[in-house]
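First the structure, in the form of structure tokens, and then the observations on it.
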There are 2 protein chains.
Amino acid sequence: METITIKDIAKLCGVGVSTVSRAMNDHPDINPETKQMIMDVIRENNYIPNNSARNLKRTDSKNIAVLVKGVDNPLFSRMIRVIEEEIGKKKYSMVVHQVEYYEDEVEAALELEQEKRLCGIIFLGGFYSESSESLARLKAPVVLVTSAKPQFEQNSTYSAVSVDDIRESYKMVDYLCRQGHKDIAIITATMHDESVGKLRLLGYYKALQENNINVNEKLVKYMDEGEDYSMGRGYQLMTELLESGEKISAVFAISDSLAIGACRAIHDKGLQVPEDIAVAGFDGIDIASYYSPSLTTIIQPMEAIAKEATQILFNVIRDKSMHTRKFFEGELAVRESTENNKENSAD
Amino acid sequence: METITIKDIAKLCGVGVSTVSRAMNDHPDINPETKQMIMDVIRENNYIPNNSARNLKRTDSKNIAVLVKGVDNPLFSRMIRVIEEEIGKKKYSMVVHQVEYYEDEVEAALELEQEKRLCGIIFLGGFYSESSESLARLKAPVVLVTSAKPQFEQNSTYSAVSVDDIRESYKMVDYLCRQGHKDIAIITATMHDESVGKLRLLGYYKALQENNINVNEKLVKYMDEGEDYSMGRGYQLMTELLESGEKISAVFAISDSLAIGACRAIHDKGLQVPEDIAVAGFDGIDIASYYSPSLTTIIQPMEAIAKEATQILFNVIRDKSMHTRKFFEGELAVRESTENNKENSAD
DNA sequence: TTCTTTTATGGGAGCACTCTAAAACTTATC
DNA sequence: GATAAGTTTTAGAGTGCTCCCATAAAAGAA
């Protein structure tokens, strides 16, 4: 059972190799009947063209890379699933690349580009320390998903799609303030200017300010740069918070995983969520609604974001359209972890 | 900034193209000094060979595909991370392919093989309805990870690595029996003979039998074929169980996600875990230990399994060594969700 | 009928590599 | 100094495909 090539198909059909190529690639200059005949033969013989040979010759490689910091982040793995579906529909193929925390994602993309002849790049998460200048080194169009970068110039060299992190974070913290909380801690990511953690922190500051609450910097806990948003890390940081002796009535963790770790830490100190401390997360991953107590969170429309990201990428690749910046609206889901039993018990 | 090719490097070094190729591929017939010189030039110019061109010519393509039913299954996404690391170390590249529930994974692999010139295939999960005969259609060596298939003939056409599902499941149910439970329900996957769900069900039967407990088929709940092990599904099936009116003192769900869904369902009926019903899971994903109550489960050594799987694959690819069947030992982690307060309150 | 235009097809160069076979250069042996 | 044997290098064929260009056939215009 030898590998079957385009030549074999051509011979079988009694036509030239180029005609078979034409039929497969929806080239206009071909007789519909010939095309039909060729396609039938292809199907009968389960012929699938060799991707390497195609990519070698083609200018447009039909390879899209997805670079992820943490494939096992539930938010990302869910999005990867959607992105692969979308990419598959358009007959492109997806290359997933896990970027280690110590790696520079743009460097990694640069390598992949040489190696795999990419025609498009999607970044899930990540920091882009050098920002625009760094991203501009990539030849293929780039879409940033769920990353910082609210600023967006005309003629940008990349697109971006995400929720408005400042606004969504504001929404959550403002909600906590209205619930009567005054001592609200936050568990966030690195202080890096280009990080989602920074934006969500800004939303936190803004909400406190508008509610006339002074910021207590001792209630602001940072993860280290490049660390995953893990439950373990949430647990540690919450424990530090609890052991600091500061008064805390609510905690906002910038991911659901961190929030769950925090819940567990509170529990392990013999305290109750939400009775003693309310906890809120961010993302809206499955576990948030199944956790006990179910977790108040900002639900990011992951499917929509992932779909839009691939759509934008295709627009840029195929129609050479301009890069764009799209914001999605998150949904504040109020659940058990912030139910205010103390004050509202009379309701 | 034009793309740099092997020709450019050859010219820069003042040597032939084939010599550069030799240097890069650790070919023995080359002067060490020449090689060093060439490697220096390559590094200085950030040259990275084009993968498509390589794969086109090479017999062994250095492409390994990972086919997954459900990339967003936490167990799998974690393993994917480890597998990519291992594959990367050996300078091979990984192609992740999400297999939809309605797709036949072997068909999908067959396509990928033609398309991407695979030199190895790893399956994560999946069913393999046609089993051996079907798998034998693949030319590249295959390793099944976390799949059924305890039987293993000499000269098998594939390797397999997993825990011994029957034994691990037995361990768990036997433990529940010893805790004094008599009415133990199970939430498992399809009845399909080649599924992990079936094996774990066999372990359940065995444990009940050895503990002289009659099986009540009304306590055995099946998911549909191809469905993900989701929390939502666990919730539904547990709700059905609770509404059946059968007496239930413990539930064993064959994945942690299902178990968490079950916990939530019990909670929503106004009952307590473990006081009213004990719950046990399987897998040992992160959330299991952070959930409230923390979840009793069988911890699969995911990292070790993933590493071993890639190792075996490399052995078969490179040394043409025989296929093997490797079992790992799981760890029964007893946690809050099965703590037996009732009987042992005097302890 | 002859010339131009349109439509359909085939030939073959080229993509960036690998690898075989042969060439060029060493060194050893008599 | 000639031959053999080994080492290092190179030219060039081959990989499966795409796409430009040439050609052939059909259609339309003169």
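Here the structure is a predicted model, which is why all the values come from computation and not from measurement. No hydrogens, no waters, no symmetry mates; every other heavy atom, side chains included, goes into these values.
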(request) For each nucleotide in nucleotides 8-15 of chain D, reading 5' to 3', give B when a protein heavy atom comes within less than 4.0 Å of its base, S when such contact involves only the sugar-phosphate, and - otherwise. (result) SBBBB-BB
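- Separating the NZ atom of Lys35(A) from the C1' atom of dT7(C) is a distance of 16 Å, rounded to the nearest angstrom.
- Between dT18(D) and Ser21(A), a contact under 4.0 Å exists linking OP1 or OP2 to a side-chain N or O.
- Residues satisfying the side chain to side chain contact (heavy atoms under 4.5 Å, CB included) criterion with Met39(A), sequence neighbours excluded, are Ala23(A), Lys35(A), Ile42(A), Arg43(A).
- The CG atom of Asn55(B) sits 11 Å away from the P atom of dC19(C) (whole-angstrom rounding).
- Applying the side chain to side chain contact (heavy atoms under 4.5 Å, CB included) test to Glu303(B) and every residue at least two apart in sequence or in another chain returns Arg78(B), Val82(B).
- Contacts of Lys326(A) classified as side chain to side chain contact (heavy atoms under 4.5 Å, CB included), with partners at least two apart in sequence or in another chain: Val161(A), Glu308(A), Ile312(A), Phe328(A).
- With salt bridges taken as basic N to acidic carboxylate O contacts below 4.0 Å, one links Arg137(A) and Glu107(A).
- Look at Tyr47(A) and you won't find any side-chain N or O under 4.0 angstrom from OP1 or OP2 of dG16(D).
- Counting to the nearest Å, the P atom of dG11(C) and the CD1 atom of Ile6(A) are 13 Å from each other.
- Atom CD of Glu33(B) is separated from atom C1' of dT7(D) by 14 Å (rounded to the nearest Å).
- Remark: C1' of dG16(D) and CZ of Arg54(B) are 18 Å apart, rounded to the nearest angstrom.
- Atom CG of Asn50(B) and atom P of dT18(C) are 10 Å apart (whole Å).
- In this structure Ser21(B) satisfies the side chain to side chain contact (heavy atoms under 4.5 Å, CB included) test together with Ile6(B), Asn25(B), sequence neighbours excluded.
- With hydrogens and angles ignored, the 3.5 Å screen pairs a side-chain donor or acceptor of Lys69(B) with a backbone N or O of Glu103(B).
- Overall, the helix from dT1(C)-dA30(D) to dC30(C)-dG1(D) carries an axis bend of 60° between its ends, with five pairs at each end and the value rounded to 10°.
- For Asn25(A), a side-chain nitrogen or oxygen approaches OP1 or OP2 of dT18(D) to under 4.0 Å.
- We find that NZ of Lys116(A) is positioned 16 Å from C1' of dC17(C), with the value rounded to whole Å.
- Within the structure, the ring pair (Phe, Tyr, Trp, His ring centres under 6.0 Å) test picks out no pair touching residues 17-46 of chain B (sequence neighbours left out).
- In this structure, the ring pair (Phe, Tyr, Trp, His ring centres under 6.0 Å) partners of Tyr92(A), at least two apart in sequence or on a different chain, are Phe314(A).
- Not counting sequence neighbours, the partners of Ser93(B) by the side chain to side chain donor-acceptor pair (under 3.5 Å) test are Asn63(B).
- As a whole-Å value, the separation of Lys11(B) NZ from dC17(C) P is 13 Å.
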